[in-house]
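What follows is one structure encoded as structure tokens, with my remarks underneath.
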Amino acid sequence: MASARMRWMYMSLVALGALCLYFSMCDMPVFGGELFVFKRDSGKFLQLPDADCQQDPPFLVLLVTSSPEQEFARLAIRSTWGRETEVRGRRVKTLFLLGTSARKHVAEAVAQESRQHRDVIQKDFVDVYFNLTLKTMMGIEWVHRFCPQAAFVMKTDSDMFINVHYLTELLLRRNRTSRFFTGYLKMREYPIRQRRSKWFVSRYEYPWDRYPPFCSGTAYVFSGDVASRVYNVSESIPFLKLEDVFVGLCLKKLDIGLEELHSQQTFFPGGLSFSTCRFRKIVACHFVGPQKMLLYWRALETSRGEECPAE
Ligand SMILES: *[C@@H]1O[C@H](CO)[C@@H](O)[C@H](O)[C@H]1NC(C)=O
Ligand SMILES: *[C@@H]1O[C@H](CO)[C@@H](O)[C@H](O)[C@H]1NC(C)=O
Ligand SMILES: *[C@@H]1O[C@H](CO)[C@@H](O)[C@H](O)[C@H]1NC(C)=O
């Protein structure tokens with residue numbers, strides 16, 4: 001009787017131990033060898049925009065991530081903040097970053113849209129959320145290869161309202177030419193280890209306990225030279241599906257620090273309720289769909305020249 005119970009307990013302990021070992025190995029950072037490193041020269045460009053940067057160097061290139069299906073968002077941007085081609089006498093260019101769709105009619109519509117507007121940068125990778133790092137690096141590669149003359153580059157998303165005028169004004173005021181990186185600064189972030197989170201990152205993907213300083217992926221801005229520097233160093237950085245953290249890792253390796261663009265907050269990754277006076281003094285606001293985009297734009301255009309109360 002006693003020995004049967006002992007045997008049962010012994011076997012339970014062995015089973016428990018095996019389970020513990022199994023789960024700890026699943027979570028082990030270097031189990032099974034090397035971390036997966038970013039592959040720099042993967043794939044050729046399927047679509048390239050009409051932009052002769054050598055002839056006509058832009059002051060600011062706005063790279064907007066969007067998916068093949070989001071044509072209304074692109075349309076709204078093209079008819080609002082994305083239509084700016086000259087601000088304070090400086091050239092500005094808005095381009096869209098896309099992956100591919102398996103749906104044939106969507107893929108054809110994108111090719112047609114690209115022929116019409118000549119503002120699409122596309123490579124052959126599946127356009128899904130977890131390929132955002134590939135998409136961002138495609139944009140950085142494009143600047144490095146085709147537009148290193150750009151003084152500044154912004155990477156943003158298609159549900160963002162961008163005040164291109166104010167951004168240009170602040171960049172001119174800062175007067176920086178190299179190793180400059182700004183946005184909504186995240187200096188002390190930790191990897192989320194809860195599996196249910198959208199931003200879950202396992203210890204296998206990212207073994208360290210702290211993220212490097214990075215800027216919210218909703219909108220960040222850098223001097224043109226940073227594109228080539230990041231592109232150059234990216235191949236030695238462990239791949240991470242969170243593109244903003246990945247870029248942060250590249251910057252850390254390059255020893256490029258993050259800087260505030262202005263003493264007041266101008267980047268709003270959490271959104272901001274609209275008023276014309278408020279939006280005149282911001283750079284980027286999240287959660288602005290196509291309809292709001294048009295409304296906000298019209299309100300700002302029609303209120304031009306009106307006074308705002310002093311702060
Ligand atoms: C990202 O794109 C590549 C290339 O098309 C594809 O093999 C991979 O499955 C995609 N990633 C995800 C998470 O779907
Ligand atoms: C910007 O900086 C350069 C050198 O760094 C300087 O020559 C120039 O005068 C500055 N311009 C303004 C407007 O401050
Ligand atoms: C790229 O990296 C190599 C070696 O790491 C270095 O020699 C080269 O100067 C870098 N180029 C740029 C544009 O940063």
Side-chain angles (χ1 to χ4, degrees), residues 25-49 63-71 73-74 95-115 119-146 155-160 189-208 211-212 214 216-218 220 227 230-250:
M25 284 210 308
C26 287
D27 239 15
M28 284 247 292
V30 286
F31 176 63
E34 299 274 298
L35 285 164
F36 174 51
V37 164
F38 177 70
K39 190 86 180 55
R40 196 168 62 183
D41 301 299
S42 56
K44 60 176 193 301
F45 286 92
L46 298 179
Q47 301 289 340
L48 284 168
L63 300 174
V64 187
T65 55
S66 80
S67 68
E69 288 82 3
Q70 289 172 328
E71 67 171 291
R74 287 191 291 277
L95 303 171
F96 296 96
L97 306 177
L98 275 80
T100 57
S101 170
R103 292 154 71 193
K104 202 164 170 229
H105 71 281
V106 175
E108 276 164 9
V110 165
Q112 166 61 29
E113 189 184 321
S114 169
R115 275 194 297 277
D119 60 0
V120 170
I121 303 173
Q122 185 190 38
K123 266 194 174 190
D124 190 8
F125 59 85
V126 183
D127 199 309
V128 288
Y129 182 74
F130 283 144
N131 264 341
L132 213 48
T133 300
L134 293 184
K135 195 180 273 187
T136 296
M137 291 311 295
M138 167 179 78
I140 284 174
E141 180 182 351
W142 182 82
V143 175
H144 164 71
R145 285 179 55 188
F146 300 98
K155 200 244 50 170
T156 187
D157 205 349
S158 55
D159 62 348
M160 298 289 295
E189 298 281 321
Y190 300 90
I192 294 173
R193 304 297 192 193
Q194 282 87 40
R195 282 175 194 277
R196 275 164 301 169
S197 167
K198 181 182 178 184
W199 297 284
F200 165 71
V201 167
S202 70
R203 287 193 177 274
Y204 178 65
E205 289 170 279
Y206 190 86
W208 303 282
Y211 282 144
F214 65 97
S216 160
T218 50
Y220 50 78
V230 167
Y231 177 77
N232 198 23
V233 89
S234 62
E235 211 162 44
S236 61
I237 304 295
F239 181 85
L240 195 66
K241 64 196 177 198
L242 306 178
E243 62 91 14
D244 44 10
V245 180
F246 180 79
V247 171
L249 288 169
C250 294

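First listed ligand is number 1; within each ligand, the first listed atom is number 1. The figures that follow rest on heavy atoms only: side chains count, while hydrogens, waters and symmetry mates do not.
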Ignoring hydrogens, tell whether any protein atom lies closer than 4.0 Å to atom 9 (O) of ligand 1; use the non-hydrogen atoms only.
no
Side chain, backbone, both or neither: N131 near ligand 1, heavy atoms under 4.0 Å
side chain
From Q122 atom CD to S101 atom OG, the distance as rounded to the nearest 0.5 Å
9.5 Å
For atom 12 (C) of ligand 1, what's the nearest protein heavy-atom neighbour? Residue, atom name and distance, please.
V128 CG2, 3.6 Å
Determine, step by step, whether Y206 and Y211 satisfy the ring-ring contact (aromatic ring centres under 6.0 Å, His included) criterion, reporting the C-alpha distance in whole Å, the side-chain angles of both residues, the deciding distance to 0.1 Å, and the verdict.
CA-CA 9 Å; Y206 190 86; Y211 282 144; 4.9 Å; yes
Going through the checks in order, is the salt bridge (Lys or Arg N to Asp or Glu O under 4.0 Å) test met by D127 and K135?
CA-CA 8 Å; D127 199 309; K135 195 180 273 187; 2.9 Å; yes
Hey, which atoms in ligand 1 end up nearer than 4.0 Å to a heavy atom of F125?
2 (O), 4 (C), 5 (O)
With a 4.0 Å cut-off, strictly under, does atom 14 (O) of ligand 1 pick up any protein heavy atom?
yes
Pair D157, T65 - check side chain to side chain donor-acceptor pair (under 3.5 Å), show working.
CA-CA 5 Å; D157 205 349; T65 55; 3.0 Å; yes
Please evaluate residues E113 and R74 with respect to the criterion salt bridge (Lys or Arg N to Asp or Glu O under 4.0 Å), reporting the C-alpha separation (whole Å), side-chain torsions for both, the decisive distance (0.1 Å), and the verdict.
CA-CA 10 Å; E113 189 184 321; R74 287 191 291 277; 2.6 Å; yes
Starting from atom 5 (O) of ligand 1, which protein heavy atom do you reach first, and at what distance in Å?
V126 N, 3.0 Å
